[in-house]
Amino acid sequence: MPTVISVRNISKTFPSAGGATHALSNVSLEVAPGEIFGVIGQSGAGKSTLIRAINLLERPDTGTVTVDGEELTALPADELRRARRKVGMVFQHFNLLEGRTVQGNVELGLEISGASRAERRSRSLEILDLVGLAHKAASFPAELSGGQKQRVGIARALVGRPKVLLSDEATSALDPETTRSILDLIKTINIELGLTVLLITHEMDVVKRVCDSAALLNGGRIQEQGSVVSLISTPGSQLAHDLFPLGEVPAHPGDTVIDVTFSGGTADRPVIAQLARTYCLDVSILGAAIQTIGGNQAGRTRLQLPGTPAVNDEAIRALRGQGMLVEIVGGHS
Ligand SMILES: Nc1ncnc2c1ncn2[C@@H]1O[C@H](COP(=O)(O)OP(=O)(O)O)[C@@H](O)[C@H]1O
Ligand SMILES: [Mg+2]
């Protein structure tokens, strides 16, 4: 598989009062060209350390980081400065210079590149146009809304034509509606520029809305990762569970409770009606969660079937035979 970002076995330990914090332990991930890869985890999971390790703002203690075919962890300082131009970065708190205009902030992304003043001006206006802020070029950050500030942050990250965009909680300081507009902008940039994006977030909604692949980071370790489509059909996947939250399984003594995951071609078939008819089953729907993922409908339905799992064995096998993931979540005893 071709990759744009390849992280192999990186670890990072920080000294802390009374010992050491293992911020990252043996983390590996591969990001394919043109995809949006999301790393999700709770506060303190090691997300920022991971993203900072990818452009070596934080040098890992062990392991390698390769971006666009260059192993950054093996480069001497001057070559690393050049190679870092392949990586654009956006931050939760925008990090804009208040004393500079919007255009001045965007041009910052070009000042180390040796571009002439005229080139910087035209390129920064071009990219401000792409993020929908050309009309604010002469404004100062204090005159902008949070969403507009993040658009400037994104323009600054893109102005030097990076190969990858790293986003550290870019939408976490924004309200839900602005979050959606920024995520849509990231998706547009991803498609129009073919730009590979690695974003980190603590919000599942972000993964749902834009990510092709995702990794769950927990206590500095990757707990699971893969394409979102493959994760939702992986039995026991925590990410899939969080994507389609169906809550606690209620007690139904004597009955069987199953979670059926639909994806791709199985999503639009009248599966439940068929099941009820073929096996004369009195099927109850206890819950359902549906999402559009990667342009396809996918979802999970919790069904209650009368009788024990043994009694329902044939029906369950028929569902699995049709390509559905079926997990028996209640009625084992
Ligand atoms: N520069 C640092 N010095 C000491 N400890 C740090 C440093 N950066 C991060 N940590 C610790 O590493 C762990 C992971 O932090 P971080 O990567 O910021 O997590 P996240 O971004 O997921 O909230 C935390 O326990 C944090 O306190
Ligand atoms: Mg963080």
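Counting starts at 1 for both ligands and their atoms, in listed order.
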Chemist: Tell me whether atom 4 (C) of ligand 1 lies less than 4.0 Å from at least one protein heavy-atom position.
Modeler: yes

Chemist: Got the closest protein heavy atom to atom 1 (N) of ligand 1, with its distance?
Modeler: Phe14 CE2, 3.6 Å

Chemist: Strictly inside 4.0 angstrom of atom 27 (O) of ligand 1, do you find any protein heavy atom?
Modeler: no

Chemist: Can you tell me the protein heavy atom closest to atom 23 (O) of ligand 1 and the distance?
Modeler: Gly44 N, 2.7 Å

Chemist: Is there side-chain contact between Cys211 and Leu199, with at least one heavy-atom pair below 4.5 Å?
Modeler: yes

Chemist: As an exercise, identify every atom of ligand 1 less than 4.0 angstrom from a heavy atom of Ser43.
Modeler: 23 (O)

Chemist: Can you tell if the side chain of Val283 reaches within under 4.5 Å of the side chain of Leu305, non-hydrogen atoms only?
Modeler: yes

Chemist: Looking only at heavy atoms of Gly41, does any of them come nearer than 4.0 Å to an atom of ligand 1?
Modeler: no

Chemist: If you count the atoms of ligand 1 from 1 in the order shown, which ones are under 4.0 Å from a heavy atom of Thr49?
Modeler: 9 (C), 15 (O), 16 (P), 17 (O)

Chemist: Any ion pair linking Glu314 and Arg317 (charged N to carboxylate O, less than 4.0 Å)?
Modeler: no

Chemist: Counting only nitrogen or oxygen atoms and a 3.5 angstrom limit, does Ala45 reach ligand 1?
Modeler: yes

Chemist: For ligand 1, which atoms sit closer than 4.0 Å to a heavy atom of Gln42?
Modeler: 22 (O)

Chemist: With Asn218 as reference, evaluate Gln42, Glu224, Gln223 under the side-chain hydrogen bond (donor to acceptor under 3.5 Å, both in side chains) test and give the passing residue.
Modeler: Gln223

Chemist: Is there any N or O on Gly46 that sits under 3.5 Å from an N or O of ligand 1?
Modeler: yes

Chemist: Would you mind running through ligand 1 and noting each atom that sits below 4.0 Å from a heavy atom of Ser48?
Modeler: 17 (O), 18 (O), 20 (P), 21 (O)

Chemist: Check whether any side-chain heavy atom of Arg209 lies under 4.5 Å from a side-chain heavy atom of Asp205, and answer yes or no.
Modeler: no

Chemist: With a 4.0 Å heavy-atom cut-off (strictly under), which part of Thr21 contacts ligand 1: side chain, backbone, both or neither?
Modeler: side chain

Chemist: Hey, does Arg82 have a side-chain heavy atom less than 4.5 Å from the side chain of Glu70?
Modeler: yes

Chemist: Report the nearest protein non-hydrogen atom to atom 12 (O) of ligand 1: residue, atom name, distance rounded to 0.1 Å.
Modeler: Ala23 CB, 3.5 Å

Chemist: Any heavy atom of Ser16 sitting closer than 4.0 Å to ligand 1?
Modeler: no

Chemist: Tell me the contacting part of His202 for ligand 1: side chain, backbone, both, or neither, using a 4.0 Å heavy-atom threshold, strictly below.
Modeler: neither

Chemist: When you measure from the Mg ion (ligand 2) to the N, O or S atoms of Gln92, does any of those distances fall below 2.8 Å?
Modeler: no

Chemist: Can you find a side-chain donor-acceptor pair between Thr261 and Arg300 that sits under 3.5 Å?
Modeler: yes

Chemist: Tell me yes or no: between the side chains of Ser124 and Gln103, is some donor less than 3.5 Å from an acceptor?
Modeler: yes

Chemist: Would you say the side-chain atoms of Glu30 and Ser6 include a donor-acceptor pair closer than 3.5 Å?
Modeler: yes

Chemist: A side-chain contact here means heavy atoms from C-beta on lying under 4.5 Å apart; do Ile40 and Met204 qualify?
Modeler: yes

